[in-house]
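All remarks here apply to the structure that follows.
Sequence lines set the chain letters: A, B, ... in the order given, protein chains first and strands last, and positions in each chain run from 1. Worth knowing before you read on, the calculation uses all heavy atoms, side chains too, and leaves out hydrogens, waters and symmetry mates.
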2 protein chains.
Amino acid sequence: MPVTVLLVDDEPLVRAGLRAVLEAQPDIEVVGEAADGAAVIPLVRQLRPDVVAMDVRMPLLDGIEATRAVLRTVAEPPKILVVTTFENDEYVYEALRAGADGFLLKRARPAEIVHAVRLVAEGESLLFPASVRRLAAEYGEGDGNRAARAVMERAQLTEREAEVLRLMARGLSNAEIAERLVVGTETVKSHVSAVLAKLGARDRTQAVIAAYESGFVAPG
Amino acid sequence: MPVTVLLVDDEPLVRAGLRAVLEAQPDIEVVGEAADGAAVIPLVRQLRPDVVAMDVRMPLLDGIEATRAVLRTVAEPPKILVVTTFENDEYVYEALRAGADGFLLKRARPAEIVHAVRLVAEGESLLFPASVRRLAAEYGEGDGNRAARAVMERAQLTEREAEVLRLMARGLSNAEIAERLVVGTETVKSHVSAVLAKLGARDRTQAVIAAYESGFVAPG
DNA sequence: GATCGTCTCCCCCGTGCGGGGGAGGCTCGC
DNA sequence: GCGAGCCTCCCCCGCACGGGGGAGACGATC
C-alpha cells in the first residue's frame with residue numbers, strides 16, 4: 001500500500017513540481033491537491049491521505065491555521081509536512097507548535113523531499129538540520145533555535161538513543177561508542193540509525209549539528 | 001630521518017609508557033628524558049629534539065613556565081606538546097598561550113599519541129576536539145572553550161579551508177560542497193583533509209564539533 | 001496470555017569518506 | 001628569476017558508515 005499525499009499550495013507550479021517529484025516514486029501516490037487552506041478539511045475527510053504537504057503562506061487560511069483546524073476536527077488526522085519557501089521562518093516553529101510533524105524547504109532536493117514524506121508517513125517527526133542552521137543564520141537569533149528545539153523534543157529519542165547521540169556529539173566512532181557502552185558495534189549501528197531517522201539527519205555529522213542547534217548538547 | 005622526541009614528566013611510569021608507545025614506531029625516536037622542567041633547557045640545547053612532550057604539573061618548574069623558557073631562550077625551538085592528566089584543564093590554555101603547539105590527554109590511545117607527535121612535528125597545531133569537549137563539560141564554562149578557541153586560532157586555516165569547514169558545519173557532503181563552491185570533489189577532499197589535519201580531527205564529525213566548541217560557528 | 005516498545009545482535013551491500021601519494025598553475029614576495 | 005603558499009585536480013585503496021532486512025529477550029501494559 002503506497003503512501004498517499006495531499007498537496008496544499010496556492011501556486012500551481014509548486015504543486016506540479018511536488019507531484020512530479022513524488023509520483024516518480026512507486027510507493028508514493030498524490031491523491032489530491034488544494035490551492036488554499038480552507039479547502040483542506042473536506043479534502044482530508046474525503047481522501048484520507050497519509051500525509052498533507054502544506055504550504056505556510058496561503059490566502060484565506062494559512063498553513064498554520066489549517067494545521068490547527070485539521071488536527072482539531074479530523075479523527076485520526078494525517079501527518080502534516082509544512083512546506084516553506086525559506087523566507088518565512090518565523091512560521092515554521094509556529095507550525096510545529098500547532099502540531100505539524102516536520103517541515104521542508106522548497107529548495108530541497110527531490111531525494112530529500114521524498115525522504116521527508118516517507119519519514120513523516122512512518123510516524124517520525126523530522127527536519128533537516130542543515131536547513132535549520134541556514135534559517136537561523138539568516139534570520140537572527142532565536143527562531144531557528146526554537147524550531148530546532150521543538151523538533152528535538154518531538155523526536156522522542158529513547159534513553160539509549162539519547163546516550164548514543166551524546167557520545168556521537170563527542171566525536172566517538174561506532175566502535176568507540178560500543179566499547180564505552182559495553183555492547184556490540186551492530187547494536188550501536190542500530191541506535192545510530194534510529195537517531196538519524198528520528199532527527200531526519202542524513203549522517204552522523206548532521207545529527208551532531210542538530211544536537212548543537214537544538215541545545216541537546218551545548219558548546220563550552 | 002625520524003622524529004626525535006624529548007620526554008618531560010616527573011613520573012617515571014608515564015615516561016616509560018610514552019617511550020614504549022612512541023618507540024614502537026619506526027619513524028619516531030625518543031632521544032632523552034627529563035623529570036623536571038628545570039632540566040629541559042639544557043637538554044633541548046644538547047639534544048635538539050623535534051618535539052618536546054611535556055607534562056604540565058611538575059615540581060620546581062611546571063610545564064607552562066618551562067614552555068615559556070624554552071621558547072624564549074632557544075633559537076629554532078622544538079614543537080611543544082603539552083601532556084595533561086585530565087584534571088588540570090585550566091593549565092591547558094595557559095600552555096597554549098605560552099606557545100605550546102598542542103596538547104594531549106594521558107589517557108589517549110597509543111594511536112592518538114603517535115598521531116599527535118607526528119602532527120606537531122610536521123608543524124601543525126592540534127587538539128582532540130572530543131577531549132576539549134570532555135574537559136569543558138567537567139570543569140564549568142569558559143576554560144575548555146578558551147582552550148578550543150586558542151587552538152582554532154592557531155590552526156591557521158586558509159580562507160578556502162575555513163569556507164569548507166563552515167559548509168561542513170552545515171551538514172553538507174563533499175559532493176554538495178563541491179557543487180556549492182563550483183570545484184571538483186577531489187578539491188574538496190583536499191581541503192577537508194587539510195582541515196582535519198590542522199584541527200587534529202579524525203573525521204568530519206570531530207571537525208564540526210571543534211568548530212562549535214571554538215565558536216568558529218555558533219548555534220542559533 | 002498477548003501485544004508493544006526497547007535493547008540487543010545478525011546478515012548483506014553500496015558508497016562516501018579519509019589516507020597516501022603526486023602534480024600543474026597561480027600569485028606574492030624576496 | 002625563483003621559491004613559497006595556495007588552490008586545483010588526479011590516482012589508488014581500505015574501511016567505517018549507513019540502508020534494508022530480520023530476530024530473540026525482556027519488561028510493561030492491556
Side-chain angles (χ1 to χ4, degrees), chain A residues 25-27 109 111-112 114-116 118-119 121-124 126 129-130 155-165 167-169 171-208 210, chain B residues 25-27 109 111-112 114-116 118-119 122-124 126 129 155-165 167-169 171-208 210:
Chain A
Q25 303 300 318
D27 60 327
R109 317 172 140 205
E112 291 176 338
V114 168
H115 184 59
R118 288 210 186 95
L119 277 181
E122 289 166 7
E124 307 288 2
L126 91 163
Q156 295 278 30
L157 298 183
T158 67
E159 269 191 41
R160 204 56 158 171
E161 286 160 0
E163 205 170 356
V164 168
L165 178 55
L167 294 175
M168 287 164 69
L172 304 199
S173 66
N174 288 340
E176 288 167 346
I177 294 173
E179 195 179 339
R180 187 76 65 94
L181 299 182
V182 199
V183 297
T185 58
E186 296 298 329
T187 303
V188 174
K189 285 177 65 176
S190 292
H191 292 314
V192 170
S193 290
V195 168
L196 298 186
K198 287 185 177 179
L199 298 185
R202 186 178 50 196
D203 49 48
R204 66 200 300 111
T205 306
Q206 287 193 352
V208 169
Chain B
Q25 304 299 316
D27 62 327
R109 316 172 140 205
E112 290 176 338
V114 168
H115 183 60
R118 289 210 185 96
L119 277 181
E122 289 167 7
E124 308 288 1
L126 89 163
Q156 295 277 31
L157 298 183
T158 67
E159 270 191 39
R160 205 56 161 172
E161 287 160 0
E163 206 170 355
V164 168
L165 178 54
L167 293 176
M168 288 165 68
L172 303 199
S173 67
N174 288 341
E176 287 167 346
I177 293 173
E179 194 179 339
R180 188 75 66 96
L181 298 182
V182 198
V183 296
T185 58
E186 295 299 328
T187 302
V188 174
K189 286 177 64 175
S190 291
H191 292 314
V192 170
S193 290
V195 169
L196 298 186
K198 288 186 177 178
L199 298 185
R202 185 178 51 194
D203 50 49
R204 66 200 300 111
T205 305
Q206 287 193 353
V208 169

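Evaluation of the side-chain hydrogen bond (donor to acceptor under 3.5 Å, both in side chains) rule for A:Glu186 yields no partner, not counting sequence neighbours.
Between B:Asn174 and C:dC17 there is a side-chain polar atom (N or O) within less than 4.0 angstrom of OP1 or OP2. Distances shorter than 4.0 Å separate some side-chain N or O of B:Arg204 from OP1 or OP2 on C:dG18.
B:Met168 has its CE atom 13 Å from the C1' atom of C:dG16, to the nearest Å. Taking atom CG of B:Leu196 as the reference point, atom C1' of D:dA16 lies 14 Å away to the nearest angstrom. Taking atom CD of B:Gln206 as the reference point, atom P of D:dA16 lies 14 Å away to the nearest angstrom. With rounding to whole Å, B:Lys189 atom NZ is found 14 Å from C:dG22 atom C1'. Atom CG of B:Asp203 is separated from atom P of D:dC17 by 7 Å (rounded to the nearest Å). Distance, B:Glu163 CD to D:dC7 P: 9 Å, rounded to whole Å.
Using modelled atom types, no side-chain atom of A:Asn174 and backbone atom of A:Ile177 make a donor-acceptor pair closer than 3.5 Å. Here the side chain of B:Thr187 pairs no donor or acceptor atom with the backbone of B:Val183 at under 3.5 angstrom. Remark: side-chain polar atoms of B:Arg204 are not paired, donor with acceptor, to backbone N or O of B:Gly171 under 3.5 angstrom. Remark: the backbone N or O of B:His191 is not paired with any side-chain donor or acceptor of B:Glu161 at under 3.5 angstrom.
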Extract from the structure each pairing of a protein N or O with an N or O of nucleotides 7-10 of chain C at less than 3.5 Å, listing the distance.
from: C:dC7; atom 1: OP1; to: A:Arg160; atom 2: N; distance (Å): 3.1
from: C:dC7; atom 1: OP2; to: A:Thr158; atom 2: OG1; distance (Å): 2.6
from: C:dT8; atom 1: OP1; to: A:Arg160; atom 2: NE; distance (Å): 3.4
from: C:dT8; atom 1: OP1; to: A:Arg160; atom 2: NH2; distance (Å): 2.7
from: C:dT8; atom 1: OP2; to: A:Arg160; atom 2: NE; distance (Å): 3.0
from: C:dT8; atom 1: OP2; to: A:His191; atom 2: NE2; distance (Å): 2.9
from: C:dC9; atom 1: OP2; to: A:Gly184; atom 2: N; distance (Å): 2.5
from: C:dC9; atom 1: OP2; to: A:Thr187; atom 2: OG1; distance (Å): 2.5
from: C:dC9; atom 1: O5'; to: A:Thr187; atom 2: OG1; distance (Å): 3.3
from: C:dC9; atom 1: N4; to: A:Ser190; atom 2: OG; distance (Å): 2.9

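Closest approach of B:Met168 to B:Val208, counting heavy atoms only: O-CG2, 3.6 Å.
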